[in-house]
Asks: 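Quick one: the structure is below, questions incoming.
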There are 2 protein chains.
Amino acid sequence: MPKQNQYEFWPKIVLPIPNMSPSNTTIRDVARLSGVSPMTVSRVINDSERVSPETRRRVEEAISELGYVPSRLARGLSRQRTGTLAVIVPDVANPFFTAVVRAAEEVARRADYQVILCDTRADLNVERDVIDELIAHRAEGVVIAPVSDRSAAQLRRLAEFGVPFVLIDRTIPEIDCDVVLGDSTGGARQLVEHLISLGHRRIGFIVESDDVSTARDRRRGYEAALSAAGIALDPALVAHAAPDPSGGSAGMRRLLELEDRPTAVFTVNNLVALGAIEAVRAAGLEVPDDVALVCFDDIEYASRLYPFLTAMEQPAQTFGTLGTQLLLERIEGRGPERRHEVVLPGEFIVRKSCGAK
Amino acid sequence: MPKQNQYEFWPKIVLPIPNMSPSNTTIRDVARLSGVSPMTVSRVINDSERVSPETRRRVEEAISELGYVPSRLARGLSRQRTGTLAVIVPDVANPFFTAVVRAAEEVARRADYQVILCDTRADLNVERDVIDELIAHRAEGVVIAPVSDRSAAQLRRLAEFGVPFVLIDRTIPEIDCDVVLGDSTGGARQLVEHLISLGHRRIGFIVESDDVSTARDRRRGYEAALSAAGIALDPALVAHAAPDPSGGSAGMRRLLELEDRPTAVFTVNNLVALGAIEAVRAAGLEVPDDVALVCFDDIEYASRLYPFLTAMEQPAQTFGTLGTQLLLERIEGRGPERRHEVVLPGEFIVRKSCGAK
DNA sequence: CCAGATTGTGGTACCGATAACACGGTGGCG
DNA sequence: CGCCACCGTGTTATCGGTACCACAATCTGG
């Protein structure tokens with residue numbers, strides 16, 4: 001259960017503050033001090049161009065004397081580019097997305113872009129608002145792990161405004177753009193086949209709503225594994241739940257209440273697994289003894305402390321770096337005519353939760 | 001060991017791209033279409049003001065017909081405010097800071113500010129660059145967990161430019177501003193006293209460089225606890241190391257090599273603890289049997305999966321919300337004359353790693 | 001020795017919005 | 001009936017840069 005925030009309603013204090021000097025030096029001030037035109041100063045701060053060494057020296061002197069820093073706003077307005085790009089994820093606190101964001105931020109910074117971070121909390125409305133804001137901000141591109149297929153509307157809006165974007169982790173059927181994905185179907189199949197190889201026949205699946213591509217694809221993998229093993233699909237074993245710990249708990253509780261309950265469970269991601277495990281324990285049972293468990297995505301720090309989750313680990317950082325690189329290519333007008341669809345293989349890591357050996 | 005990123009050098013593809021229409025509708029287009037002046041359109045999009053219902057209707061119609069979205073750049077330039085603020089942390093991947101960032105982002109968004117996320121990777125130079133960028137961007141305020149005391153220079157720079165900022169998690173001696181802190185000294189003392197109460201007399205401490213206030217304060221707490229128990233301080237038991245898992249491992253290795261090695265260790269934070277535990281295990285020993293361990297900050301998801309770390313958990317979210325709220329007060333000119341110094345108590349959580357009971 | 005290129009610099013007009021003021025029309029009130 | 005307040009709207013200047021073109025001075029080569 002997330003900590004309640006006792007200071008949510010911190011009492012408002014209304015008092016005057018000692019205003020600091022909003023030191024607003026402009027290019028014209030620099031020009032005046034160094035006895036040249038603003039245009040020449042502009043040339044100096046943008047390097048390049050032909051400026052005599054002597055003039056350049058004088059201008060640079062004036063700049064450092066006045067502590068002048070050019071305004072990105074003005075520059076952006078006039079150049080029609082902001083040097084800003086956005087990363088949108090449904091939950092930064094999910095270690096998978098944290099890694100994505102971190103990597104994206106680094107790539108962007110190296111390419112001299114600033115990053116606006118947006119956490120949609122898997123809420124379609126927040127996502128819409130956030131995207132509108134980004135359009136207003138004239139962000140030059142967006143790396144986004146969309147909330148669901150219904151994000152299509154807002155992505156089309158981005159496209160209308162000529163803002164390139166790259167989807168990561170999730171595709172959206174009608175949206176045609178660069179994409180960086182994991183191998184959800186294959187990975188899921190491998191996980192479930194592993195459970196089957198351990199002798200499990202009744203295998204549950206806790207998954208979020210079917211309008212998220214990863215959920216669909218992983219369900220597909222789950223079904224493929226079952227059918228390949230000649231196990232009939234029992235719809236009662238598929239529990240739909242929110243893609244977070246509380247959803248995982250709820251889903252697992254439902255599965256445990258079944259008459260003929262599963263002996264193993266596959267969860268759609270790491271946080272769902274976490275909640276599911278908590279539910280198993282709350283029911284006085286244990287993983288993997290009473291219920292074996294496998295999932296997608298690792299929880300790095302947890303696994304280092306205690307290698308427990310048998311998981312299909314995805315290269316989260318690569319999602320971030322690669323997604324951002326593809327985006328930068330689009331922004332800079334490079335990038336192939338045809339869209340890029342990169343599928344990154346996961347790494348199957350067997351640990352305790354599946355009960356192997 | 002963090003995953004190597006195999007796609008760091010993704011091959012560059014150079015091809016033309018099908019350019020989308022950079023639909024650049026301006027306020028003037030809307031004005032033309034609705035047969036009014038740009039000023040009137042401006043009045044409509046900023047609500048308020050006195051505009052006849054009929055005109056407003058016509059303008060709104062034109063706006064939606066053209067799909068017009070006002071440019072934040074232009075607005076910012078003219079209004080002299082950007083509606084942007086920044087959150088700077090040394091490591092977003094640290095669950096503590098992830099929570100801070102997430103909370104800050106939410107508070108900011110609710111107040112209609114956009115957030116620029118900056119991860120300094122605990123590198124003073126990156127921090128300097130990032131802050132320069134923010135000044136250029138005319139960010140209206142900054143919530144920052146500074147790299148160290150040597151961040152003072154860049155913070156003074158911010159102040160010179162009239163950008164208000166709030167320090168979180170760490171103070172800096174000469175910098176006088178709003179601050180949201182944990183009770184490092186008290187918390188550390190409590191942790192170490194707990195170890196002492198369990199019978200430990202040789203207690204190690206793995207800590208980062210002394211120019212970070214939390215490190216100093218926690219050392220102070222460590223020393224206070226020892227001296228209160230009449231235990232002499234043995235400098236050999238204080239290992240300095242980077243504030244991350246690898247630092248923790250290195251530090252613990254050094255402690256384990258001591259002739260008279262500690263029976264318990266206190267680490268300055270969660271990630272250091274993680275590395276320290278790995279080092280203990282690598283040495284063929286176990287926590288808490290061979291070495292008891294306590295630390296600052298929890299790793300939430302890890303602890304839910306496996307309640308192991310005995311820790312002083314800090315209310316990370318509150319650091320974020322409160323820090324951002326204080327910042328917003330400053331920005332809006334409210335906020336007390338005298339600086340705010342908020343100290344949030346941590347929660348002492350006893351689990352396995354200390355070997356209690 | 002002069003046409004033509006090159007170099008360093010300045011002038012002007014924007015980028016897209018808003019602040020501040022101006023102005024014609026309506027209605028209330030003495 | 002005329003003055004004034006107010007309403008709705010337009011005009012102009014400006015925010016802080018840069019693109020584009022102009023222009024004088026110097027350099028090149030035939």
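In this text, all values refer to a predicted model and were calculated from it rather than measured experimentally.
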Asks: If you go through the side-chain atoms of A/R75, does one of them form a donor-acceptor pair with the base of D/dG16 closer than 3.5 Å?
Replies: no

Asks: Which is more 5' along DNA chain D, the nucleotide nearest A/V69 or the one nearest B/S37? Just name the residue.
Replies: B/S37

Asks: Does C/dG16 have its OP1 or OP2 closer than 4.0 Å to a side-chain nitrogen or oxygen of A/Q80?
Replies: yes

Asks: Side-chain N or O of B/S71 less than 4.0 angstrom from OP1 or OP2 on C/dA17?
Replies: no

Asks: Under 3.5 Å, is there a donor on one side chain and an acceptor on the other for A/S151 and A/S148?
Replies: no

Asks: Looking at A/R156 and A/E174, does any basic side-chain N land under 4.0 Å from a carboxylate oxygen?
Replies: yes

Asks: Closer than 4.0 Å, any side-chain N/O of A/S78 to the OP1 or OP2 of C/dC14?
Replies: no

Asks: Think B/T26 has a side-chain N or O under 4.0 angstrom from the OP1 or OP2 of C/dC15?
Replies: no

Asks: Is there a donor-acceptor pair closer than 3.5 Å between any side-chain N or O of B/R170 and the backbone N or O of B/V147?
Replies: yes

Asks: Side-chain N or O of A/T55 less than 4.0 angstrom from OP1 or OP2 on C/dG8?
Replies: no

Asks: Quick one: do the A/S52 and A/T55 side chains pair a donor with an acceptor below 3.5 Å?
Replies: yes

Asks: Mapping B/R79 and A/V36 onto DNA chain C by nearest heavy atom, which one lands closer to the 5' end?
Replies: A/V36

